[in-house]
Amino acid sequence: MSATPPPVVTRFAPSPTGFLHIGGARTALFNWLFARHHGGTFRLRIEDTDRKRSTEEAVAAILEGLTWLGLDWDGEAVHQFARAERHAEMARQLLAEGKAYHCYCTPEELAEMRETARAEGRAMLYDGRWRDRGPAEAPPGVPPVIRLKVPREGETVIEDLVQGPVTVANAQLDDMVLLRADGTPTYMLSVVVDDHDMEISHVIRGDDHLTNAFRQTQLFKALDWTPPAFAHIPLIHGPDGAKLSKRHGALGVEAYREMGYLPEALRNYLLRLGWAHGDEEIIPSERAIAWFGLDAVGKSPARFDVDKLNNLNGHYIREADNARLVGLLTPRMEAALGRAIGEAGRERLRMGCESLKVRAKTLAELAENAAFYLAERPLELTPKAAKLLRPEARQILARLGPALDGLNDWSEPELGEAVRAFAEAEGAKLGQIAQPLRAALTGSHASPGIFEVMAILGRGESLARIRDQAEKI
RNA sequence: GACCCCAUCGUCUAGUGGCCUAGGACUCCGCUCUUUCAAGGCGGCAACACGGGUUCGAACCCCGUUGGGGUCACCA
């Protein structure tokens, strides 16, 4: 009989002090993937114990970001602040058991302590001066904090699933504050109690929490609880190797949404940042779930690279269902147009989408490239398009219009045949006809195949656009 | 400053002692396809930070150096 392993329960625990940024999104993704891979549970906990910095808007932004990314959590989100009383109770219990104590140090005293330590080249730690003093010595009028009495000798080891075994001397860790002077619990206490109460089996979070893991391990032991498994994933850096700044990728996921990235592209990109499965690059979520494991997570930080994100996004746009793309495009284009898009316009987008999408890296670009289908006459010409419409070209258009008007069947193949025949009759190369035609129809020098464009635009609109640019005779 | 962590092409990475004259992807550059622009196909440039060991043999193991990062709150 082998012992059945405890069920996998992971959590994403952001503090609602801002939007869901790209690093947080990756942490959430890894937690989600790990839970889904093991058929476990992925929970969400809002760490809102800092009342001054936490906002409802931030909570909403985080939930929206996760939802957009498709990272669904199990059960209700836990709001940490609501559990403050439970946390405080555990601090008091430790106090009663003699595992914690009151400390009456003033902020000034603590600052002085750090200053001295720094000057002497030691770690800036609390020296434990109230460890063994009784309340009788308490200065009047100073509300105490409760500190945990941690071992001063020996070492604390965590078996990190990503970093491997990491050891730190207990002398490097000081007696952490559990309960503030105002009676509210600190982050360190709240996290430990909540992770225990929520039965979290794996704590997967950013590298910046690695040192917290030591303190939390000590707290778990003081409470006679078994610590969860830890996995500290490397942070994402900016393109310059420095910490991710707002300038680069430290934007909220909603900013990526607005820029026209698809959630599956962002997921794929974030997954490959610090994790690999052989040479695989395109990894849709189903396969990601099947393949994901902490053992394949790299130990070194990765830089954020927009080019690769763009490439992936382009791939997923090409793969995307046209109806879905039109749905995403419509509000975007209506905002740019300042008017609603009618059924005829939607139909043009639906038909044009297929060949338009191979030309775009983002939805923003796709919308821009599709704009000519909805533009009102007379079209505005880009400089390059204007250059194509020299007088000779305009004269050609003047002759081409009537030639096309005679067509019985306004279809892509018929139009192709007709234009080719026209070019031959003119003694011109196809390009000499097609480019001015493109400029007249799209206002640009680059577009999908011109016969397709004419077919989608329809006879009336196409001929009118040609007439707009044709030399008046 | 103290403690901890990291180190393969410009970037993301494969690689766990011989399969590596180091593979893939992005970027960039050619060629091809072509009515334009893309996409696609083909090809190219480009890396084991450095110095010592261990070993018959090191990108892979050990030590050091250098470089980078993280943490040192009554913030999370």
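Each chain gets a letter, A, B and so on, in the order its sequence line appears, and its residues count up from 1.
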Could you tell me which residues satisfy ring-ring contact (aromatic ring centres under 6.0 Å, His included) with [X], sequence neighbours excluded, listed by chain and number?
X: A:His102; value: none
X: A:Tyr373; value: none
X: A:Phe230; value: A:His232

Interatomic distance where [atom1] belongs to [X] and [atom2] belongs to [N] [whole Å]:
X: A:Asp240; N: B:rG67; atom1: CG; atom2: P; answer: 18 Å
X: A:Glu109; N: B:rA73; atom1: CD; atom2: C1'; answer: 16 Å
X: A:Asn313; N: B:rC12; atom1: CG; atom2: P; answer: 20 Å
X: A:His209; N: B:rG70; atom1: NE2; atom2: P; answer: 13 Å
X: A:Tyr316; N: B:rC26; atom1: OH; atom2: P; answer: 13 Å
X: A:Ile62; N: B:rA76; atom1: CD1; atom2: C1'; answer: 12 Å
X: A:Gln216; N: B:rA76; atom1: CD; atom2: P; answer: 12 Å
X: A:Met113; N: B:rC74; atom1: CE; atom2: C1'; answer: 13 Å

[atom1] spacing across the pair [N] / [M], given as an integer number of angstrom:
N: B:rA14; M: B:rA25; atom1: P; answer: 15 Å
N: B:rG68; M: B:rU8; atom1: P; answer: 15 Å
N: B:rU21; M: B:rC48; atom1: P; answer: 14 Å
N: B:rU13; M: B:rG18; atom1: P; answer: 23 Å
N: B:rU55; M: B:rC12; atom1: P; answer: 36 Å
N: B:rU16; M: B:rG52; atom1: C1'; answer: 23 Å
N: B:rA58; M: B:rA38; atom1: C1'; answer: 46 Å
N: B:rG53; M: B:rG24; atom1: C1'; answer: 33 Å

Can you give me the N/O atom pairs linking the protein to nucleotides 62-64 of chain B at distances under 3.5 Å, or say none if there are none?
none

Contacts under 3.5 Å, N or O only, protein and nucleotides 2-11 of chain B:
from, atom 1, to, atom 2, distance (Å)
B:rA2, O2', A:Gln172, OE1, 3.4
B:rC3, O4', A:Gln172, OE1, 3.4
B:rC5, O2', A:Gln163, OE1, 3.2
B:rC6, OP1, A:Lys299, NZ, 2.7

Any strand: nucleotide that pairs with [N] via Watson-Crick or wobble, under 3.5 Å:
N: B:rC60; answer: none
N: B:rA25; answer: B:rU11
N: B:rA2; answer: B:rU71
N: B:rA49; answer: B:rU65

So [X], base contact, sugar-phosphate only, or nothing? Heavy-atom distance under 4.0 Å.
X: A:Leu235; answer: sugar-phosphate
X: A:Cys103; answer: nothing
X: A:Arg114; answer: sugar-phosphate
X: A:Val177; answer: sugar-phosphate
X: A:Arg147; answer: sugar-phosphate

Return whichever of A:Thr49 or A:Arg215 has its heavy-atom-nearest nucleotide of RNA chain B closer to the 5' end.
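The answer here is A:Arg215.
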Do any of residues 277-292 of chain A sit with a heavy atom less than 4.0 Å from RNA chain B, and if so which?
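Within this stretch, A:Gly278, A:Asp279, A:Glu281 sit under 4.0 Å of the strand.
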Look at the rings of A:Tyr261 and A:Tyr256 and say which category their plane angle falls in: under 30° parallel, 30 to 60° tilted, over 60° perpendicular.
tilted
Qualifying residues under side chain to side chain donor-acceptor pair (under 3.5 Å), relative to [X], sequence neighbours excluded:
X: A:Glu115; value: none
X: A:Asp208; value: none
X: A:Tyr104; value: none
X: A:Ser462; value: none

Side chain A:Asn212 and base B:rA76 donor-acceptor under 3.5 Å
yes
Can you identify which nucleotide, out of B:rC72, B:rG24, B:rG70, has its nearest atom closest to the A:Arg272 side chain?
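Side chain of A:Arg272 sits closest to B:rG24.
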Answer yes if the side chains of A:Asp195 and A:Gln216 hold a donor-acceptor pair under 3.5 Å, and no otherwise.
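No donor-acceptor contact under 3.5 Å links the two side chains.
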Rounded at 0.5 Å granularity, tell me how far CG in A:Leu329 sits from CG in A:Asn369.
10.0 Å
Between atom CD1 of A:Ile456 and atom SG of A:Cys353, what is the distance when rounded to the nearest 0.5 Å?
9.5 Å
Between A:Arg53 and A:Asp48, does the salt bridge (Lys or Arg N to Asp or Glu O under 4.0 Å) criterion hold? Intermediate values first, please.
CA-CA 8 Å; A:Arg53 297 200 300 151; A:Asp48 53 356; over 6 Å; no
May I ask you to check whether over 12 heavy atoms, not counting those of A:Glu380, lie within 6.0 Å of atom CD?
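No - once you tally the heavy atoms of other residues, nucleotides and ligands closer than 6.0 Å, there are 12 at most.
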At under 4.0 Å between heavy atoms, how does the protein contact nucleotides 31-44 of chain B? Give one character per nucleotide, 5' to 3', with B, S or -.
----BBBBSS----
Listed by chain and number, what are the salt bridge (charged side-chain N to carboxylate O under 4.0 Å, His left out) partners of A:Arg438, not counting sequence neighbours?
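A:Arg438: no salt bridge (charged side-chain N to carboxylate O under 4.0 Å, His left out) contacts found.
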Salt bridge check, A:Arg45 against A:Glu47: does any charged N sit closer than 4.0 Å to a carboxylate O?
yes
Considering only heavy atoms from C-beta outward, does the side chain of A:Asp160 approach that of A:Leu210 to under 4.5 Å?
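Sidechains of A:Leu210 and A:Asp160: in contact.
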